[in-house]
There are 2 protein chains.
Amino acid sequence: MMRQHLASVARVDEPRWLDEREARVWRAYLDLNRELPAVLERRLVRDSGLSNADYSLLVPLSEAPDGLVRSRELGAMVGWERSRLSHQVGRMEKRGLVVREECAEDARGSMVRLTPAGRAAIEAAAPSHVAAVRRYLFDVLTDEELDVLGRAFGRVLDRIAED
Amino acid sequence: MMRQHLASVARVDEPRWLDEREARVWRAYLDLNRELPAVLERRLVRDSGLSNADYSLLVPLSEAPDGLVRSRELGAMVGWERSRLSHQVGRMEKRGLVVREECAEDARGSMVRLTPAGRAAIEAAAPSHVAAVRRYLFDVLTDEELDVLGRAFGRVLDRIAED
DNA sequence: AATTGGTTGTTGACGCGTCATCAATCTCGC
DNA sequence: GCGAGATTGATGACGCGTCAACAACCAATT
């Protein structure tokens with residue numbers, strides 16, 4: 001009798017765990033994903049009183065004509081589902097950053113409009129936020145690394161989108 | 001009079017915005033950070049009834065002698081602050097995945113112990129979770145890219161740790 | 001015009017994460 | 001020993017995010 005595949009003869013098929021290089025990268029990714037958004041949000045809140053979620057919506061709103069975007073489209077722009085968007089818009093409306101208006105072409109829809117206070121908030125927040133992104137991310141990366149990251153991230157995103 | 005620095009003579013110092021390459025990478029990073037944890041958690045919940053937060057704690061607990069770790073140390077292992085850990089342990093205790101015990105050496109401290117149900121849960125969840133990480137991440141990246149990512153992530157983390 | 005099916009947005013429940021606060025305890029210098 | 005200051009962990013309030021359920025509406029077919 002051949003004594004082959006001793007390792008794979010274990011009770012159940014032993015899965016293929018991460019090797020050391022993979023584990024190191026995975027660990028670093030988890031750390032990065034915990035720390036980078038956290039440090040950026042702490043600064044954003046401290047300097048401008050805005051959360052990452054606020055900022056995510058204020059940017060596309062501030063770039064739209066009249067600061068007016070349909071909810072469905074706003075959700076698509078930031079990659080959020082409807083419920084998430086609705087909750088966040090509700091919170092921001094309470095603070096006077098945006099207002100909801102009804103949608104003329106589609107009575108189901110709703111429009112989100114940036115208020116003057118909302119525009120003032122994003123304009124005050126943007127310079128230091130961009131500076132922070134630069135400080136923590138782009139200042140320590142080379143152009144070659146940026147290209148590799150861009151391609152790698154894109155490939156992972158494509159893979160996810162395949163589902 | 002020299003007509004230099006026309007651009008920088010604008011009303012207030014115009015901040016240095018992201019150039020096109022930087023914006024593309026930043027955008028891809030934000031997308032990745034939204035999508036990758038989400039798809040992994042959806043699978044984890046569906047296949048094993050565990051959240052990413054559950055999994056994060058179950059891994060170091062399952063590797064510790066007797067599945068017993070002091071809270072302070074568990075927090076350090078996963079990079080969480082005390083409050084976050086306490087809340088999560090509380091939720092997991094309610095579901096019978098862990099139990100809290102008092103700490104012999106330090107009366108302030110508390111110990112977290114993996115229950116048999118907790119060990120069963122992580123052992124059932126791990127193979128398909130690792131397979132999912134492989135499917136979405138490592139299967140689409142080359143070894144060279146892994147090295148670049150590891151170095152780049154590490155440098156960003158070092159920068160954050162400088163604060 | 002009525003039915004059927006998909007789309008749009010809101011809501012409530014609940015898990016997750018941070019912050020501020022608190023009580024208990026340890027540590028260290030005196 | 002004792003007191004000042006630091007550490008450890010728990011808690012409540014609140015913002016964030018997902019899911020399931022729902023109401024309102026549109027579009028296409030008959």
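Convention: sequence-line order gives letters A, B, ...; per-chain numbering from 1.
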Short side-chain N/O contact to C:dC16 OP1/OP2 from B:Arg91, under 4.0 Å: yes
Hydrophobic cluster membership, A:Tyr29 vs B:Val140, 4.5 Å side-chain cutoff: yes
Side-chain N,O (A:Gln88) to OP1/OP2 (D:dG15) below 4.0 Å: no
Length of the CD-P vector between B:Glu105 and D:dT8, whole Å: 13 Å
side-chain N/O B:Ser51 vs C:dC16 OP1/OP2, d < 4.0 Å: yes
Spacing between B:Glu81 atom CD and D:dT7 atom P, to the nearest angstrom: 15 Å
Phosphate OP1/OP2 of C:dG9 contacted by A:Arg70 side-chain N/O (<4.0 Å): yes
NZ/NE/NH1/NH2 to OD/OE distance under 4.0 Å, A:Asp106 and A:Arg108: yes
Residue closer to the 5' end of DNA chain C, A:Ser86 versus A:Ala38 (nearest nucleotide): A:Ser86
Side-chain donor-acceptor pair present, B:Arg43, B:Tyr136, cut-off under 3.5 Å: yes
Touch class at under 4.0 angstrom, heavy-atom based, for A:Ser71 against every strand present: sugar-phosphate
Sugar-phosphate, base or nothing in reach of A:Asp106, heavy atoms under 4.0 Å: sugar-phosphate
Rounded distance in Å - NZ (A:Lys94) to P (C:dT11): 11 Å
Sugar-phosphate only, base, or nothing, as touched by B:Arg72 at under 4.0 Å among non-hydrogen atoms: sugar-phosphate
Separation of D:dC16 P from A:Asn52 CG (nearest whole Å): 10 Å
B:Ala107 side chain, from C-beta outward: closest of C:dC26, C:dG17, D:dG17: C:dC26
NZ/NE/NH1/NH2 to OD/OE distance under 4.0 Å, B:Arg21 and A:Asp143: yes
Touch class at under 4.0 angstrom, heavy-atom based, for B:Ser110 against every strand present: sugar-phosphate
A:Trp80 CH2 to D:dC16 C1', straight-line distance once rounded to whole Å: 9 Å
B:Arg108 side-chain N/O to C:dA23 phosphate OP1/OP2 under 4.0 Å: no
Ion pair B:Arg84/B:Glu81, N-O distance below 4.0 Å: no
Between D:dT11 (P) and B:Leu85 (CG): distance, integer Å: 13 Å
Check: B:His87 side chain, D:dG12 base, donor-acceptor under 3.5 Å: yes
Integer-rounded Å distance: C:dT18 C1' and A:Leu40 CG: 16 Å
Sugar-phosphate only, base, or nothing, as touched by B:Ser83 at under 4.0 Å among non-hydrogen atoms: base
Under-4.0 Å side-chain N/O to phosphate OP1/OP2 contact, A:Arg100 with C:dT10: yes
Between C:dA20 (P) and B:Arg82 (CZ): distance, integer Å: 13 Å
Test log, rule side chain to side chain contact (heavy atoms under 4.5 Å, CB included), inputs B:Arg100 and B:Val89: CA-CA 8 Å; B:Arg100 279 192 246 239; B:Val89 169; 3.9 Å; yes
